[in-house]
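Structure first, then comments.
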Protein chains: 2
Amino acid sequence: MKSTVTIKDVARELGIHHVTVSRALRDTGSVKEETKVLIKQKANELGYKPNRLAQNFRNKRSNVLAVVVPDLRPYFFAKFVSDFMETAKDAGYTVMIFQSGEKPGLEKDIIDSLIGYRVAGVVASVTKDTVQASHFEVLKEENIPYVFFDRAPKETLASQVLVNNFQGAYEAVTAMINSGKRRIAYISTHYKHQIFRDRLEGYKQALQDNDLPSDDELVVEGGFFMKDGFAHAERLMNLEEKPDGILAVRDEIGIGVIKFLKKKGIQVPNDVAVIGFDNDPMGIACEPELTTVQQSIPLMVASSFELLLVQINNGSLNFEKKIIEPKIIYRGSV
Amino acid sequence: MKSTVTIKDVARELGIHHVTVSRALRDTGSVKEETKVLIKQKANELGYKPNRLAQNFRNKRSNVLAVVVPDLRPYFFAKFVSDFMETAKDAGYTVMIFQSGEKPGLEKDIIDSLIGYRVAGVVASVTKDTVQASHFEVLKEENIPYVFFDRAPKETLASQVLVNNFQGAYEAVTAMINSGKRRIAYISTHYKHQIFRDRLEGYKQALQDNDLPSDDELVVEGGFFMKDGFAHAERLMNLEEKPDGILAVRDEIGIGVIKFLKKKGIQVPNDVAVIGFDNDPMGIACEPELTTVQQSIPLMVASSFELLLVQINNGSLNFEKKIIEPKIIYRGSV
DNA sequence: GTGAAAGCGCTAACAA
DNA sequence: TTGTTAGCGCTTTCAC
């Protein structure tokens, strides 16, 4: 049971001072090339692993980045986190992930604990009920930079990477109109959050620009999953005047819609067109394959990371807003 | 720009010793109830956040658990990690996640860095090419407990939570036989890893127990995604003697198979039955819905966590093997 | 019940 | 180029 090796152990073995070892291992200060080689060799031989806890503690800041998402399971977040981790790793950072479970209270606790870990920076997508940014302000006090992606609080002076949701919805609705649809519905999850409202606005604007009336009974909200899409579709198709196109705020909901329509023998896209958001691979599993509004995750990751790194390196917080333009992926449902 | 608050700040404000503050905040040792209340109040007022870096450093061990998975994106891993994080959080642990990208070399680097963070424990599912457990042994030297889940190295003396893959495949094949299928194929990802081999064995055994011949050309391997399932299905259906049932090693592959069959106008399950593994919600998106072999993730999480915690609390490593029995979720593809 | 002392492993700053 | 000193914030041990 060999106990943990420290720089002092390495130093003792070599009959030198542990500070020299520290310098050599980090390629800092000046150490004779010869001793440096010797040190690295010996460190390796003894199986020395730097104690990050001590390092980070001493440096008053860790090399850990925190990512806070509502839920890790949806493909969009899983993919973002996965890609972000790769990017961070390549830059020498380790990532801690936190799930707020869409609960603002939990989100606040997470932020508080993040401070305890003296993370180097935070990337967050807030819960759908997070309107205020107040619980993020403590990060500012601690001088910990943070960047919002995809979902940001309504008013915040932090950097953010957002998707042009208005445009995404606008184009999706326009695509359906272009393929001859005239009565288009919108299924949202809760409206509270800006991104869902932006989509709603884009939807309405597209109708208006095409001289199509907007009908409140075609705008429904609530839920997150296939079953919710299924239920909403049922309600919509029971309307006096049925829709001939449905925009779903998430692919999963869109798939639920398609499943309902098919069950009722309604043709997709001939009778009713469907478009979702997120480019979830699940959309390829369904039949017909779901047309979707894609938000480039690699681009969002790159931007988020960049905006964060600038702040970390400058040691100052700043405010920059980056808008990602969405793109419609045409498949079979429109 | 208020600088960080430490226990000394709290102590000074109250005119007491910082050690007393430390004790009060952790409810350790004996502190007069009255002062304790005062201390907590003041700490809260000043916005004191314990410096975890210092705490963990001083304690020589962090309250961080590491989870190492090949890839965070597949639903199985995303869900496991998500659930595991919840369980860990409730027990006061924070989680660091790492992706090995199915690369054993990277996996080794991850383990090494984990030691630097003095994590309290590690839960890992190894890459499909990890056969030896040698790079995990360093954890043993550092007395860091670890548990394998789902995929473990071939020979290891660490605790593990595995699924009875033999049984899962056996039952899946039996189910197809019971519904009248006689010529059943198996699409695997690589064979290297034990879990995929176990499934192969279960497949073969089921054939044998039903006096059905085993035909090598019905066993194919390679790939991970829908497109791979699609391609394999194409090859299988071009055979002289076509299969009437296909067992896919992953749901995504199974869905690819179904997509191919439907494209060719082959009826599922009437002409060909399909069963996958993982209970990926994606399987519900496809039509017909995919019958699948489910491995209870909540059970795996609970077991993994428990096996890990026992070791952490005992301060000793031990070896326990927990087998989770799979369950077939019947949907429409068989 | 509270305080004083010591030290975890590391690195910045200064000295030689 | 190398060594010495000091201290990060916290907790354990021992003394009062």
Side-chain angles (χ1 to χ4, degrees), chain A residues 2-40 42-43 46-64 113 115-120 142-143 315, chain B residues 2-40 42-43 46-64 113 115-120 142-143 315:
Chain A
K2 155 189 88 177
S3 87
T4 312
V5 183
T6 72
I7 46 172
K8 284 192 181 165
D9 295 323
V10 179
R12 196 180 321 109
E13 289 269 323
L14 258 30
I16 56 173
H17 198 96
H18 70 273
V19 170
T20 307
V21 175
S22 170
R23 282 195 272 252
L25 260 20
R26 287 175 301 131
D27 292 307
T28 312
S30 43
V31 180
K32 209 201 299 172
E33 194 53 37
E34 200 181 314
T35 22
K36 195 185 273 193
V37 172
L38 232 53
I39 289 170
K40 292 192 174 179
K42 179 60 80 179
L46 297 180
Y48 168 75
K49 308 251 167 31
N51 184 335
R52 303 283 174 209
L53 256 27
Q55 276 184 331
N56 292 336
F57 166 56
R58 165 63 227 228
N59 296 335
K60 289 165 178 291
R61 183 117 313 173
S62 77
N63 64 334
V64 173
S113 92
I115 293 172
Y117 287 104
R118 302 291 186 272
V119 294
E142 302 288 342
N143 210 36
Chain B
K2 157 189 88 179
S3 88
T4 313
V5 183
T6 74
I7 46 173
K8 284 192 181 165
D9 296 322
V10 178
R12 196 179 320 109
E13 290 267 324
L14 257 29
I16 56 173
H17 198 96
H18 70 273
V19 171
T20 308
V21 175
S22 170
R23 280 195 272 253
L25 260 20
R26 286 174 302 129
D27 293 307
T28 313
S30 44
V31 180
K32 210 201 296 172
E33 194 52 38
E34 200 181 313
T35 24
K36 194 183 276 191
V37 173
L38 234 53
I39 289 170
K40 292 194 174 177
K42 179 61 79 179
L46 297 180
Y48 169 74
K49 308 251 169 26
N51 184 333
R52 304 282 174 210
L53 256 28
Q55 276 184 331
N56 292 336
F57 166 55
R58 164 63 229 227
N59 295 336
K60 290 166 176 292
R61 183 116 313 174
S62 77
N63 64 333
V64 173
S113 90
I115 294 172
Y117 287 105
R118 302 292 187 270
V119 294
E142 303 287 342
N143 209 38

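Note that the structure is predicted; figures quoted are calculated from it, not measured. Hydrogens, waters and symmetry mates are skipped; everything else that's a heavy atom, side chains included, is used. Convention: sequence-line order gives letters A, B, ...; per-chain numbering from 1.
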*asked:* Distance check needed: dG9(C) P versus Gln55(B) CD, whole Å only.
replied: 17 Å
*Counting N and O atoms only, with roles assigned by atom type, does the side chain of Ser62(B) sit under 3.5 Å from a partner on the main chain of Arg118(B), one being a donor and the other an acceptor?*
yes
_Nucleotide nearest His17(A) (side chain, heavy atoms from C-beta), chosen from dT2(C), dT4(D), dG9(C)_ = dT4(D)
*Applying the side-chain contact (heavy atoms from CB on, under 4.5 Å) test to Lys42(A), which of Val21(A), Val37(A), Val10(A) qualifies?*
Val10(A)
*Please work out if Asn59(A) contacts a base, only the sugar-phosphate, or nothing of the nucleic acid, heavy-atom cut-off 4.0 Å.*
sugar-phosphate
*asked:* What is the separation between atom NE2 on His18(A) and atom P on dG7(C), rounded to the nearest whole Å?
replied: 14 Å
*Describe the nucleic acid contact of Ser30(B) in one word from base, sugar-phosphate, nothing, applying a heavy-atom distance below 4.0 Å.*
base
*asked:* So Ile7(A), base contact, sugar-phosphate only, or nothing? Heavy-atom distance under 4.0 Å.
replied: base
*How close or far is atom P of dG3(C) from atom NZ of Lys32(B), stated in whole angstroms?*
10 Å
*asked:* Between C1' on dG9(C) and CD on Glu142(B), what's the gap in Å once rounded to a whole number?
replied: 14 Å
*Select one nucleotide: of dG3(C), dC10(D), dT11(C), the one nearest the side-chain heavy atoms of Arg23(B).*
dG3(C)
*How is Thr28(A) classified with respect to the nucleic acid when contacts are heavy atoms under 4.0 Å: base, sugar-phosphate, or nothing?*
nothing
*asked:* Rounded to whole Å, how long is the line connecting atom CG of Leu25(A) with atom P of dG9(C)?
replied: 16 Å
*Less than 5.5 Å between centroids and less than 30° between ring planes, does Phe57(A) satisfy that with dC8(D)?*
yes
_Length of the CG-P vector between Asn51(A) and dC8(D), whole Å_ = 18 Å
*Output the single nucleotide from dG9(D), dT11(D), dG9(C) whose closest atom is nearest the side chain of Thr6(B).*
dG9(D)
_What's Val19(A) touching, base or sugar-phosphate or nothing? Going by heavy atoms closer than 4.0 Å._
base
